[in-house]
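Counting starts at 1 for both ligands and their atoms, in listed order. Quick caveat: nothing in here was measured; it's all calculated off a predicted structure. Computed over heavy atoms, backbone and side chain alike; hydrogens, waters and symmetry mates excluded.
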Amino acid sequence: MLFRRSVVLATSLTLAGSSMGFNLLRDYSGQNFFDGWDYFGSWDNLTLSQVWWVNETRATAEHLAYVNDAGRAIIRVDNTTDLPGNMPNRDTIRITTKDLYDYGSLFVFDATHLPYGCSVWPAFWTKGVQWPEGGEIDIVEGVNLQKTNQMAIHTNGSCSTSDSIVQTGSIGFTDCSTGNGCTVHEKNSASFGEAFAQAGGGVWATQFDVSGIFIWYWSRADVPAELTNNASSIDISSWGTPSAAFPASAQCNLTQYFAPQQIVLDIALCGDWAGVQSIYSSTCSGTCNVTGPGSPAYDNAWFEINYVRVYTSGTVAPTSTASSAGSTGTGGTTVTSTAGSGSPTTSGSGSGQSDTNAAMALEAASVRAVGAVLLSVVAGVALAAW
Ligand SMILES: *[C@@H]1O[C@H](CO)[C@@H](O)[C@H](O)[C@H]1NC(C)=O
Ligand SMILES: *[C@@H]1O[C@H](CO)[C@@H](O)[C@H](O)[C@H]1NC(C)=O
Ligand SMILES: *[C@@H]1O[C@H](CO)[C@@H](O)[C@H](O)[C@H]1NC(C)=O
Ligand SMILES: *[C@@H]1O[C@H](CO)[C@@H](O)[C@H](O)[C@H]1NC(C)=O
Ligand SMILES: *[C@@H]1O[C@H](CO)[C@@H](O)[C@H](O)[C@H]1NC(C)=O
Ligand SMILES: *[C@@H]1O[C@H](CO)[C@@H](O)[C@H](O)[C@H]1NC(C)=O
Ligand SMILES: *[C@@H]1O[C@H](CO)[C@@H](O)[C@H](O)[C@H]1NC(C)=O
């Protein structure tokens, strides 16, 4: 199969100032929501859950991925076809953006409903094309009847977090290189499951930066005005302490582990996390299974999404060039001296050029001291085919 993916590469220079500006780069919403994603089209050979992630043809035919009358994207589990016997037993969806987004990006996800229920394992996350080499950022993830959202990053090598990181969530695992990844538990009680839906949903924003990866969450009533206004340029300097912070540090050379990221939305059932007996038993009874007598109902196993939006701290004018930058497993810059303060800065990188590296290292150091105003320089956009 041949996939064409464009890789957005932006670099930026930072001067003294007070705002942290981002410009809209991509909006997945409304009738066009499903443009620009690839459907997995295979059984779940990754997390060994009991599902078939259908292709686009079947997704449409089975009404598993569509835009509803309110103009929101629905991604759901087949709750009418029971296929006992050999796995996989049930059809669901996994879609991945064709585009890759580099350092300097801000991913915003606005949903009114997340899939939940016994055996259900939804996620909104990002990854490099090569996994695990290109890294993984889990922005929204939970299993079964878990009450609150769990965030995490995964690195294919040594990277760790610590209690001293400033974030509003509570720290879980601290070794990002293990199967669990390093985890942070959201404290907002309306961040997952039924409580999320009852609050009218909410919004997550994830800053993917050379200085760190920062995730904010707001329940519907608290979403900041710059996001509810659908503005094409936003300033995030008033957002405050994020729910989860994964700063670049001496304990974690982020740019070594994170390549440009593609966004993934999926629903698994049972499998490597939701289906582990001790985990399943903590919120559900019996054994995880998705079919046959006593299997869970899937009437709440759906995403309802207002939009997925990507902003950038660079001014991006897409052009097409052949490049393998998106698939090498490295982000291309060297910035390891940032402190574990959890306070985000804006910057972009990813060109892999050493002169840019020097500028970026300088920028990371100066940004914290003087605040940030962006003068942006577009390094280029690569379209890679493989
Ligand atoms: C899983 O299936 C997909 C689609 O058939 C394939 O491209 C991929 O290589 C498989 N992955 C593993 C780990 O087997
Ligand atoms: C979609 O998946 C179905 C069942 O797996 C298969 O029969 C069909 O050929 C696929 N369609 C495309 C366009 O790949
Ligand atoms: C789920 O239930 C079906 C039907 O009872 C059975 O065939 C299958 O082996 C079960 N799967 C698991 C993983 O327990
Ligand atoms: C990913 O990690 C595995 C296990 O440590 C290692 O064998 C592999 O070489 C790593 N891949 C890359 C591209 O670094
Ligand atoms: C928000 O703005 C984007 C970009 O201008 C546009 O594509 C989208 O339709 C807007 N959404 C709404 C709900 O107005
Ligand atoms: C951090 O990672 C970058 C990109 O792989 C590498 O060039 C640099 O040498 C690493 N820094 C340290 C201190 O290991
Ligand atoms: C399937 O779930 C949908 C909600 O996603 C619900 O409206 C519908 O009634 C359910 N169908 C069955 C047969 O349970």
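Closest heavy-atom approach to atom 14 (O) of ligand 7 among the candidates D299, L64, N300: D299. Of all the listed residues (V54, T57, N55), N55 holds the heavy atom that lies closest to atom 2 (O) of ligand 2.
The contact set between ligand 5 and R309, taken as ligand atoms under 4.0 Å from a residue heavy atom, comprises 1 (C).
Two residues are said to be in side-chain contact when any heavy atoms from C-beta on lie closer than 4.5 Å; F107 and Y101 meet this criterion.
The SG atoms of C118 and C288 are placed at least 2.5 angstrom from each other.
Annotation: cation-pi pair R309/Y311 absent, no NZ/CZ under 6.0 Å from the ring centroid and within 45° of its normal.
Using a 4.0 Å cut-off between charged nitrogen and carboxylate oxygen, K127 and D138 do not count as a salt-bridge pair.
By the 3.5 Å distance cut-off applied to N or O atoms, N230 is counted among the residues near ligand 5. When only interatomic distances are considered, the shortest N/O to N/O separation between W52 and ligand 2 does not fall below 3.5 Å.
When only non-hydrogen protein atoms are considered, atom 4 (C) of ligand 5 lies nearest to L24 CD2, 3.5 Å. Nearest protein heavy-atom neighbour of atom 1 (C) of ligand 7: N79 ND2, 1.4 Å. Of the protein's heavy atoms, T80 CG2, 3.6 Å lies nearest to atom 13 (C) of ligand 7. When only non-hydrogen protein atoms are considered, atom 7 (O) of ligand 5 lies nearest to D27 OD1, 3.9 Å. Looking only at heavy atoms of the protein, atom 5 (O) of ligand 2 is closest to R58 NH1, 2.9 Å.
Ring geometry for W216 against W239 counts as perpendicular: the plane angle is over 60°, on a 0 to 90° scale with 30° as the lower cut. The aromatic rings of Y217 and F196 are tilted relative to each other, their planes meeting at an angle between 30° and 60°. Ring planes of F208 and Y103: parallel class, angle under 30° (limits at 30 and 60°).
At a heavy-atom distance under 4.0 Å, no atom of Q31 approaches ligand 5.
T312 and N23 form no side-chain donor-acceptor contact under 3.5 Å, judged by distance and modelled atom types alone.
Protein heavy atoms are absent from the 4.0 Å sphere centred on atom 9 (O) of ligand 7.
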